[in-house]
Amino acid sequence: MFEEVSSQFTFAEKEKQTLAFWRENDIFEKSMEMYKDAPPFVFLEGPPFANAPPGVHHVLARIMKDAVCRYKTMTGHYVHRKAGWDTHGLPVEYQVEKQLNITNKAELEAYGVQNFIEKCKENVFQYEQDWREMTERIGFWVNLNEAYITLSNDYIESVWWVLRQAWDKKLLYQGHKVQPYCYRCGTTLASHEVALGYQEVADPSIFVRFPLKNRERTYLLVWTTTPWTLPSNVAVAVGEEDDYVAVEDNGKTLILAKECLKSLFGDEFPQIVENYKGSDLLNWDYEPLFDSGQHTEKSHYIVSGDFVTTTEGSGLVHIAPAFGQDDYDIGQKHNLPFVQLVGGDGKFVPEVKDVWCGEYVKDADPMIIENLDGRGLLFKATEYTHQYPFCWRCDNPLLYYARESWFIRTTAIRDQMQQHNQEINWYPEHIKDGRFGNWLENNIDWGLSRERYWGTPLPVWICDDCGHQHCVGSIAELKELGRDVPDDIELHRPYVDDVVLNCDKCSGTMHRIQDVIDCWFDSGCAHTAQWHYPFENKELFERAYPADFISEAIDQTRGWFYSLLATGTLLYDKPAYKNCLCLELILASDGQKMSKSRGNTVDPWTILDNQGADAMRWYMFTGSPPWAQRTFQLEGIDEALKKFMGTLQNVYSFFVMYANLEQVDVLEDAPSISERATIDRWILSRLHTLINKVGDDMENYHLTNAPRAIEAFVEDLSNWYVRRSRDRFWGAEAGQDKQAAYATLYEVLVTVAKLAAPFIPFLADELYRNLVVSLDDDAPLSVHLAEFPTADDALIDGTLETDMTFTRDVISMGHAARNRSGIKTRQPLADITLGGLSESEKETINRLSSFVHDELNVKEIVFTEELDTFAQVTLKPNFKVLGPKYGKGVQAIAKALATADTMQLKAELETNGSLEIKASGETYILEESEIDVQTQNREGFFVEVDARKFVALSTELTHELVLEGMARELVNKIQNMRKDADFNVSDRISLCVATSSELVSEAFEVHREYILSETLTTEVVELPGKNAFSLDQKLNGEPAMLSVEQVRVI
RNA sequence: GGGCUUAUAGCUCAGAAGGUUAGAGCGCGCGCCUGAUAAGCGCGAGGUCCCUGGUUCGAUUCCAGGUAAGCCCA
């Protein structure tokens, strides 16, 4: 006996019971334990931040990971699932600053770095409990108790080790990086903060004449919107491929891009005296505008810049390496001097001898413009309105500003990274050579350092005396070199800042530089640092590198996907992962990005509490591919619930209900497959085709196609297999066919449970446990400990599947015709006529005729060749065949066929096997295979026509048919009354039919046996008993009084 | 400004080595069933396959250029 399936339940409630079962029986742990000697499948968890509650996009990522891991487990792999937490970084610092009302570094230092760091530690785990609960509730199996945490000493030590490897390979170096910088807060801003503060402002827009050396009265016309950077100018860039001109203007010769003439001079074009390509101008020298000090490097000449545009400005771009990344890169490339005339306070440094020395740069703009004008170098000064970033905290404009920074020379390993990228399977594929490939191609050195507090400290110490630098690679080394390092040293600021080392070059004192590192580097070391490698867990690490599978959102292309690859390449010269599933963003139902300020976010908990985790999961798997952007529709979850889960649940409860009622032992005496009914063999063939499909899709990370196929299968199972087999499950005599039906449905349900287990782990497990575990003490306790099904190809009968599809198509047309006729299905009809079928299609229908008879309730199936009696027939060329053969002629043939006498041509085709047609002067002989016979609806029949066949109903009713229809009507009414009277389905009744209608009496007489057996009537009485339930009925318009009453079984 | 992606029914999505009647589910309408009831089933109406050019006998599909949306970068 199976456990009764109650109809009073909610999926959400049942899921909680399943969760408890998993917990109490350590199913997750068992699923790893049982495969600990099996081939590993390495999953690497991208660590989330727990300083904000999880949202739906986190659910998406987690269930994708979960489905893959569950599938791999069921296919016999050891899938270790270590969780991780990301903890360091600016977002945390800002949250804490906000909380403490700190607005700049000075206030922070006053508050105390140690206090601040402690607050950060609290902050990062603020929502850990939420994360834990959500993770468990959605059924994401991951071990949170052994999670790696990027703030732990062990983790940091491993990261230090990684940095030391880079250091030893001379890949860690100090340089400059241009960053958005707030002079008031004294800090650089991360890009997402910059994005917070864009405002529209009017800045000066000036065109300046740069006098050329060795060319009288000839000037470069240079555009800038930041006059304050001009004193730091060291070069001018042009586009090599762009066209430039020299023009005469008020006695001066100006050089500018040809395309910019119109915007600068309007319609009064000056005279062009010379044409150049950008490349012609390279290396021309010009006079510095200002005295920017002495440099050893050559400067103030024209260079090439691929970022130069001619759509605005003059096509000549002023280069000041301290104030723009492009400028800085050009400076590096051409070895230009690095001129930095602005201090960290945003003011000109004392070395600037002009009047604006000590002025805040933006205030100096007018003075500089005035100066240039006074010297006759200003061509034009206007205003320029554009989006410019402001500090989101203090609202001051940000300056792009080169700061000293530490870098990893990733450009040195770019080739290897690109090569390793080729070895990674990307889903979707285009990421490889698209977004990720492009990113690698344009790789620049990784700006690693942050002038902040909460992060992995950069372990570089510098000697106060001799400037010697050393990178520490472990705690042991720190203790060895350091003076009085506490035994339990914590590797965070400010604790490590207090550690001073002895310089081994000069015996001076070494202090750590103040920077911490980019938190992306932390998580990028996860493959190594999660094991505290190489200090511990050597074997574990070696077994787990590279990872087989990672999955995160697409925005990690330049984040985690990159940082893993970079560190993996740097350390081991191997890709860090083999398969990467990129997830797209989830938009709110209004098509907008989900954000708290818009108020369009969805709280996963409302879904989990109402519809449940399986429904949410199923919607996310099947709604759209994970790499396609999706709008999150709550209705979609209801649909998943009703459409898929409801259907599966119904088939399951149908099975359990009747298996219990009929006391069938599904494990005994299952007839061999060849002895089962056609429909059994059909559904089993479908099942094994499905097993292959799901396996293939899962191996290829098509996490959408697999469950969609399962859904289509369950639809067929419910709406065709069960619907057409229903009466085999009840009422029927015990015997081989009944046994076959039960065995088949049982096998199908158990297999579906296993196939669906990675996607709907809760419902799948419930089905499995009730269907399998309850009968078999030796069976694994849970579906998640069971083996994933493998297909038996011998059970796949492709012909049967296509035949069934075809038959169902014909039946569907029959339904349409019946619908149109208005005769209800209960009324049997004499025959249907099918036309336009090929010989093999007729055979198919004959083989599967019982389906047509039963479903359409017709006595006979008739085939006809006379299409035009029922449908309008046209002939069309088979374009696919004739197109390549006759080319242009095919259109003429089509025209000729359309205008010719169709029936005559068709007769010709039938007698000769070919036809002759004249089209635009030529005669064509067309074979049968080159012609499509098409049918169209003709009014006035109960006929359903598709492109090439039709189904016609015979609507004439004989007296026999009327009687039979009436008998069915009687059964129907009696059944309804049984239900209304609340009888049990197995109750026997006594029946009274009192009628003045001859038709009803006759039908009852003729079909007495049928009616009695259908309604479980054991006695027919002349007068109803006093407890009988009676109703006056109209049976197809005929009056009758029906009474039913339960019969006591003695 | 650059790179990548997407655009098919009211909504969510399939699909087509280029072939002349483009599919599903939901929603909507009509009907059926009630011995699967969080029901279920059938049928129907909904489409300039984003636009413009090109290639081709034939383009929603291929190519080019746009437009719109999204992400990343500058």
Side-chain angles (χ1 to χ4, degrees), chain A residues 5 7-11 191 306-307 309 311-312 324-326 428 430-431 433-439 441-442 553-555 557-559 584-585 587 589 591 593 611 619 622-625 627-631 633 635-636 638-639 641-647 649-655 657-658 661 704-705 708 711-712 715 718-719 722-723 726-727 729-731 811-820 822 824-826 855 876-884 886-894 932 934 936 944 946-948 972 975-976 978-980 983-986 1014-1016:
Chain A
V5 181
S7 59
Q8 297 296 311
F9 69 96
T10 69
F11 283 115
S191 56
D306 53 13
F307 50 84
T309 67
T311 48
E312 52 184 8
Q325 193 61 51
D326 282 336
H430 62 76
I431 303 287
D433 292 317
R435 188 179 280 222
F436 198 67
N438 289 339
W439 164 250
E441 205 174 307
N442 299 317
I554 183 85
D555 56 357
T557 315
R558 287 125 207 270
E584 253 294 357
L585 210 73
L587 301 177
S589 56
K593 206 169 164 173
Q611 294 101 325
Y619 165 66
T622 58
S624 58
W627 48 73
Q629 210 162 69
R630 72 178 75 206
T631 49
Q633 311 275 357
E635 303 79 44
D638 288 327
E639 194 181 322
L641 194 72
K642 275 160 72 173
K643 193 71 203 158
F644 173 68
M645 304 208 358
T647 305
Q649 168 75 26
N650 273 331
V651 175
Y652 160 64
S653 65
F654 170 87
F655 173 83
M657 176 176 164
Y658 288 110
L661 214 62
T704 306
N705 290 355
R708 278 180 178 172
E711 185 165 293
E715 157 85 16
S718 169
N719 286 339
V722 173
R723 179 150 69 92
R726 239 189 298 206
D727 51 6
F729 288 90
W730 50 266
I811 289 170
S812 170
M813 290 171 71
H815 278 305
R818 271 204 100 111
N819 243 12
R820 196 165 304 138
K824 46 174 93 165
T825 316
R826 260 203 310 273
E855 189 69 17
K876 282 207 170 158
N878 183 337
F879 284 95
K880 209 164 182 171
V881 175
L882 290 181
Y886 296 122
K888 208 183 279 188
V890 76
Q891 303 298 349
I893 294 171
D932 279 338
Q934 299 205 325
Q936 272 149 320
E944 184 64 19
D946 75 359
R948 34 175 287 278
N972 170 257
Q975 299 290 32
N976 277 338
R978 287 182 57 113
K979 182 143 201 182
D980 290 343
F983 294 175
N984 283 325
V985 290
S986 52
E1014 282 294 305
T1015 57
L1016 299 184

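Every chain is numbered from 1 and lettered A, B, ... according to where its sequence line falls, protein lines coming before strand lines.
- Among B:G40, B:G44, B:A38, the nucleotide with an atom closest to any side-chain atom of A:A816 is B:G44.
- Applying the 4.0 Å criterion to OP1 and OP2 of B:C41, one finds that A:N719 has a side-chain N or O inside that range.
- A donor-acceptor contact shorter than 3.5 Å is absent between the side chain of A:Q633 and the backbone of A:G623.
- Of all nucleotides listed (B:A74, B:C26, B:U34), B:U34 comes nearest to the side chain of A:K979.
- The base of B:A36 does not come close enough to the side chain of A:R723 for any donor and acceptor atom to sit less than 3.5 Å apart.
- Taking only side-chain atoms of A:T10, from C-beta outward, the nucleotide of B:G25, B:A38, B:A36 with the closest atom is B:A38.
- Within 4.0 Å (heavy atoms only), A:L587 reaches no atom of the nucleic acid at all.
- Here A:Y886 lies out of heavy-atom contact (under 4.0 Å) with every strand.
- Between A:N650 atom CG and B:A39 atom P the separation is 10 Å, expressed in whole Å.
- A:N650 meets the side-chain contact (heavy atoms from CB on, under 4.5 Å) test with A:S653; sequence neighbours excluded.
- When each of A:Q649 and A:K824 is assigned the nucleotide of RNA chain B with its nearest heavy atom, A:K824 is the one assigned upstream, toward the 5' end.
- Between the P atom of B:U37 and the CZ atom of A:F654 lies a distance of 10 Å, rounded to the nearest Å.
- A:F983 has its CZ atom 13 Å from the P atom of B:G35, to the nearest Å.
- The residue A:F436 sits apart from the nucleic acid: no heavy atom pair falls under 4.0 Å.
- Of the C1' atoms belonging to B:G66 and B:G42, the separation is 46 Å, rounded to the nearest Å.
- Two rings, from A:F9 and A:F11, have their centers less than 6.0 Å apart.
- Atom name P, nucleotides B:A9 and B:C71: the rounded distance is 23 Å, in whole Å.
- With its glycosidic angle more than 90° from 0, B:G18 is assigned anti.
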| remark: Per-nt protein contacts along nucleotides 3-19 of chain B (heavy atom under 4.0 Å; B base, S backbone sugar-phosphate only, - none) come out as BBS------SSS----B

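- Not one N or O on the side chain of A:R558 forms a donor-acceptor pair closer than 3.5 Å with the backbone of A:W439.
- Side chain of A:R818 to main chain of A:K824: a donor-acceptor pair is present (N/O by atom type, distance under 3.5 Å, no hydrogens or angles).
- The A:K888 side chain lies nearest to B:C57 when the options are B:C57, B:U34, B:U20.
- Within the 4.0 Å cut-off from OP1 or OP2 of B:A38, not a single side-chain nitrogen or oxygen of A:T647 is found.
- As a whole-Å value, the separation of A:R726 CZ from B:A39 P is 17 Å.
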| message | Could you spell out the base pairing of RNA chain B as a dot-bracket line? Use Watson-Crick and G-U wobble contacts where both distances are under 3.5 Å, [ ] for crossing pairs, | for partners on a different strand. | response | (((((((..((((.....[...)))).(((((.......))))).....(((((..]....)))))))))))).

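- Here B:G31 presents its P atom at 17 Å from CG of A:N972, a figure rounded to the nearest Å.
- In the set B:C43, B:C71, B:G40, B:C43 carries the atom at the smallest distance from any side-chain atom of A:S812.
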